[in-house]
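Input: a single structure, listed below in structure tokens.
Values in this document were obtained by computation on a predicted structure and should not be read as measured data.
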Amino acid sequence: DKIYAKKTDAQNAVITFDFKEMEIEITAYSIQSYNNGPGDGHLKNWAIEVSKDGEKWTQIDERSNSAELNGSDFSSTFRVSKKLFARFCRLRQTGEYWGNNVNGGGCHLIIRRIEFYGKLKINKT
């Protein structure tokens with residue numbers, strides 16, 4: 001029902017997806033915010049990164065000060081700037097989220113859903 005990641009600071013909170021024996025070439029992705037009201041923990045600054053080995057990451061999209069997800073169950077689709085096949089994909093928070101300093105702050109990354117669009121390649125071993 002929700003995807004939640006917590007870390008000691010808002011910047012660099014991460015959700016990583018491993019496509020195992022497959023690789024994905026992402027052309028776009030959609031994120032749906034959780035059902036909190038505006039200014040209550042929604043994504044504001046983030047990057048989408050991909051990796052073939054889980055060690056070296058390539059950024060394919062970045063959003064700064066985005067208000068598109070700042071509300072209850074808001075959904076938006078984003079096109080990526082760079083396309084390449086990779087086994088891993090991650091959403092990394094790159095700064096403050098909406099409401100970062102409300103009630104003493106706290107550090108979290110919370111979304112309801114993320115969907116990836118593009119091509120899927122099955123690697124034969």
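No side-chain heavy atom of I114 sits less than 4.5 Å from a side-chain heavy atom of I15.
Take K83 and apply the salt bridge (Lys or Arg N to Asp or Glu O under 4.0 Å) test, not counting sequence neighbours, and it matches no residue. With sequence neighbours excluded, no residue forms a side-chain hydrogen bond (donor to acceptor under 3.5 Å, both in side chains) with N65. Residues that satisfy the ring-ring contact (aromatic ring centres under 6.0 Å, His included) test with Y29, not counting sequence neighbours, are F78. The side-chain hydrogen bond (donor to acceptor under 3.5 Å, both in side chains) test applied to E25 returns no partner, not counting sequence neighbours. For D18, the side-chain hydrogen bond (donor to acceptor under 3.5 Å, both in side chains) test picks out R87, with sequence neighbours left out. The salt bridge (Lys or Arg N to Asp or Glu O under 4.0 Å) check on K82 picks up nothing, with sequence neighbours excluded. Shown here are the salt bridge (Lys or Arg N to Asp or Glu O under 4.0 Å) partners of K56, two or more places apart in sequence or in another chain: there are none. Residues forming a side chain to side chain contact (heavy atoms under 4.5 Å, CB included) with A28 (at least two apart in sequence, or on another chain): T77, R79, Y117. Not counting sequence neighbours, the partners of S51 by the side-chain hydrogen bond (donor to acceptor under 3.5 Å, both in side chains) test are D53.
Counting only residues at least two apart or on different chains, the salt bridge (Lys or Arg N to Asp or Glu O under 4.0 Å) pairs with a member in residues 67-76 are D73-R112.
Contact between C89 and I48 at its shortest, heavy atoms only, is SG-CG2, 3.9 Å. Heavy atoms only, all atoms of each residue included: Y97 and G41 are closest at CD1-CA, 3.5 Å.
To the nearest 0.5 Å, the span separating CD on E62 from OG on S81 amounts to 9.0 Å. Atom CD1 of I31 sits about 8.5 Å away from atom OG of S66, to the nearest 0.5 Å. Taking CG of L69 as the start and CD1 of I110 as the end, the distance is 12.5 Å to the nearest 0.5 Å. Interatomic distance, S64 OG to K44 NZ, rounded to the nearest 0.5 Å: 10.5 Å. From E115, atom CD reaches atom CD1 of I26 across 12.5 Å, with rounding to the nearest 0.5 Å. Atom CD of Q93 is separated from atom CG of L91 by 7.5 Å, given to the nearest 0.5 angstrom.
A distance-only check finds no donor-acceptor pair linking the side chain of N45 to the backbone of T94 [under 3.5 Å]. At distances below 3.5 Å, not a single donor-acceptor pair connects side-chain atoms of S33 with backbone N or O atoms of I111. A distance-only check finds no donor-acceptor pair linking the side chain of N70 to the backbone of P38 [under 3.5 Å]. At distances below 3.5 Å, at least one donor-acceptor pair connects side-chain atoms of K52 with backbone N or O atoms of F85. At distances below 3.5 Å, at least one donor-acceptor pair connects side-chain atoms of H42 with backbone N or O atoms of N36.
Taking a 6.0 Å sphere around NZ of K119, one finds it holds 12 or fewer heavy atoms contributed by other residues, nucleotides or ligands.
The hydrophobic cluster containing F74, built from Ile/Leu/Val/Met/Phe/Trp/Tyr side-chain heavy atoms closer than 4.5 Å, comprises no other residue. With side-chain heavy atoms closer than 4.5 Å counting as contact, directly or through intermediates, the hydrophobic cluster containing W57 also holds F88.
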Start with the C-alpha distance between F17 and I24, add both sets of side-chain angles, then the distance that settles side-chain contact (heavy atoms from CB on, under 4.5 Å), and finish with yes or no.
CA-CA 11 Å; F17 301 89; I24 187 169; over 6 Å; no
